[in-house]
2 protein chains.
Amino acid sequence: MNHFDMQLSPPSRRESGKRIARTHAALLDALLLLLEEKAFEQITVKEITGRAKVGYATFFRRYPDKEALLHDLAAQEIQNLLTMTLPIFHTADTTASTQALCAYVWKHRKLWRALLTGGAAATLKEEYLRLALQVAEQQIDSDAWLPVDLAVRFSVTALVETLSWWLIHDAPPNVEAMAGIVNRLAVQPVFSPAD
Amino acid sequence: MNHFDMQLSPPSRRESGKRIARTHAALLDALLLLLEEKAFEQITVKEITGRAKVGYATFFRRYPDKEALLHDLAAQEIQNLLTMTLPIFHTADTTASTQALCAYVWKHRKLWRALLTGGAAATLKEEYLRLALQVAEQQIDSDAWLPVDLAVRFSVTALVETLSWWLIHDAPPNVEAMAGIVNRLAVQPVFSPAD
DNA sequence: ACAAATATGATTCACTGTGTATCATTTATT
DNA sequence: AATAAATGATACACAGTGAATCATATTTGT
């Protein structure tokens, strides 16, 4: 580590966690920090490793490329979001589900702002869409006037777009108001019966 | 021109138009062709100039970068689409406007498929959104429950998404059916009154 | 505490793509 | 025909990606 270690902490009793884990976390943290500053595409591996105080080559020992690191960062959060999204399509009253969803996103707004408002958004949305389509094929029973795959694609897109707007807005609506908006824009249109 | 020109057309009497125009058109055509094959980001300037049978350096004499060429290709079409979109927000019956919009896109579906289904889509949407927001600030009077900028962003996003789905779909709905879907998903939700 | 296994740091390399510069050649203009 | 402009071809500097290598630091098993 650095030259000041002997002053900052006892060399004899270091962090007992594995070095791998520390490097791993350092890379994830660095990407998250950088995502708050600039778009994903503009971030270089050199910047990530520099911010993480990790060797350049070390990056490629763990991840094949930038996208893999992003996926690693986002995978669990995406799964969580999807889990909170699905009940919407099984309940008559969608209000409760959308409120829970918005509350969750608001709670983790720092992370989601980084994920949704940079260049990472496209990748994130694709992953989210992929998972959602898998589930939808088996579970969701859409009205005939709207093909299921389009319904899912529309809802996911509208959800991501409205949430992105929410998270970058100067004076954002509270959770309840936002849930109402999400419900009207991303959920209800799919359920509206045909003429 | 290729090596068979001497067999196909007299070398002594070439196209009389300016050389600039020919190069210009060749670059635009090449990008359009490539957009039908792969995403915009994956297309290199070398590929464009190769396809256009134009010198590599020539590209940079006309455009500062790839994005400028894309913008040049799309600018007029975007303006046209916006012009067809706007009446939707000034008429009580939105059906006629969405039908006209879908008919226009279907008529130029080859171009729009290339523009909307590749990596160019994000840039296109941003440009479309920018123009739409300019107009909306002055003209559109949204319901209080939905901020104007979110309404515009939502409608543009939903429109782009539904149209993209339409243009890549195997057995796409006809113009009338698609206009109905667009109306329900991208237009009506913005106009729905609050509870 | 010690030795073996492993993770890392630092550096180098080949490769791809961008954008600029130069100069000879082709095309357009008059 | 003479001049001006556009182009082709090429070389170049630069940035970024991944792979490879070797010495060093750290962890793990005993």
Side-chain angles (χ1 to χ4, degrees), chain A residues 1-6 8-31 34-35 37-72 119-120 123, chain B residues 1-3 5-6 9-31 34-35 37-72 119-120 123:
Chain A
M1 297 312 147
N2 62 45
H3 309 298
F4 308 108
D5 272 0
M6 69 183 73
L8 296 174
S9 64
S12 55
R13 193 196 171 282
R14 299 194 144 279
E15 287 280 17
S16 59
K18 306 177 184 181
R19 199 154 63 144
I20 295 178
R22 269 189 291 124
T23 302
H24 191 245
L27 289 173
L28 289 173
D29 289 349
L31 177 58
L34 286 167
L35 278 174
E37 298 173 12
K38 53 166 72 173
F40 178 69
E41 298 86 16
Q42 308 175 349
I43 299 174
T44 66
V45 175
K46 199 173 181 180
E47 281 176 311
I48 297 173
T49 55
R51 189 70 64 101
K53 300 209 168 105
V54 155
Y56 176 73
T58 302
F59 181 92
F60 297 100
R61 291 184 177 115
R62 191 165 311 274
Y63 298 103
D65 47 41
K66 261 192 323 184
E67 281 69 25
L69 177 62
L70 175 63
H71 186 274
D72 196 11
T123 306
Chain B
M1 313 308 163
N2 60 45
H3 307 299
D5 273 0
M6 67 183 74
S9 67
S12 55
R13 193 197 168 282
R14 297 193 149 279
E15 289 280 16
S16 59
K18 305 178 186 179
R19 201 154 60 143
I20 295 179
R22 270 189 290 125
T23 301
H24 191 246
L27 289 173
L28 289 173
D29 289 350
L31 177 58
L34 286 167
L35 277 174
E37 298 173 11
K38 53 166 71 174
F40 178 68
E41 298 86 14
Q42 309 174 348
I43 299 174
T44 66
V45 175
K46 199 174 180 179
E47 281 177 311
I48 297 172
T49 55
R51 190 70 66 99
K53 301 210 168 107
V54 157
Y56 175 73
T58 302
F59 180 91
F60 298 98
R61 291 187 177 113
R62 191 162 312 273
Y63 299 102
D65 47 41
K66 260 192 327 184
E67 280 69 27
L69 176 62
L70 176 62
H71 186 274
D72 196 11
T123 305

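Letters A, B, ... are given to chains in the order of the sequence lines, protein chains preceding strands, and every chain is numbered from 1.
- At C:dA28, one or more side-chain N or O atoms of B:R22 fall inside 4.0 Å of OP1 or OP2 (strictly under the cut-off).
- The side chain of B:R62 places no N or O atom within less than 4.0 Å of a non-bridging phosphate oxygen (OP1 or OP2) of D:dA6.
- Below the 3.5 angstrom threshold, one finds a donor paired with an acceptor across the side chain of B:R19 and the base of D:dA6.
- Between A:F59 and A:Y63, the two ring planes are tilted [angle within 30° to 60°].
- For B:T23, a side-chain nitrogen or oxygen approaches OP1 or OP2 of D:dT7 to under 4.0 Å.
- Note: B:K53 NZ to B:T23 OG1 = 13.5 Å, rounded to the nearest 0.5 Å.
- Residues B:A26 and B:V54 share a closest heavy-atom pair of CB-CG2, 4.4 Å.
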*Once each nucleotide of nucleotides 15-22 of chain C is scored for protein heavy atoms under 4.0 Å, what B/S/- sequence comes out, 5' to 3'?*
--SBBBBB
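- Between A:K18 atom NZ and C:dA5 atom C1' the separation is 14 Å, expressed in whole Å.
- For the pair A:F40 CZ and D:dG16 P, the interatomic distance rounds to 15 Å; values are reported in whole Å.
- If you take NZ of A:K53 and P of C:dA10, they are 12 Å apart, rounded to a whole angstrom.
- In this structure, OH of A:Y63 is placed 16 Å from P of D:dT17, rounded to the nearest angstrom.
- Atom CD1 in B:I20 sits 11.5 Å away from atom OG1 in B:T58 (nearest 0.5 Å).
- The distance from atom CZ of A:R51 to atom CD of A:E37, rounded to the nearest 0.5 Å, is 4.5 Å.
- In this structure, CD1 on A:I48 lies 12.0 Å from CG on A:D29, to the nearest 0.5 angstrom.
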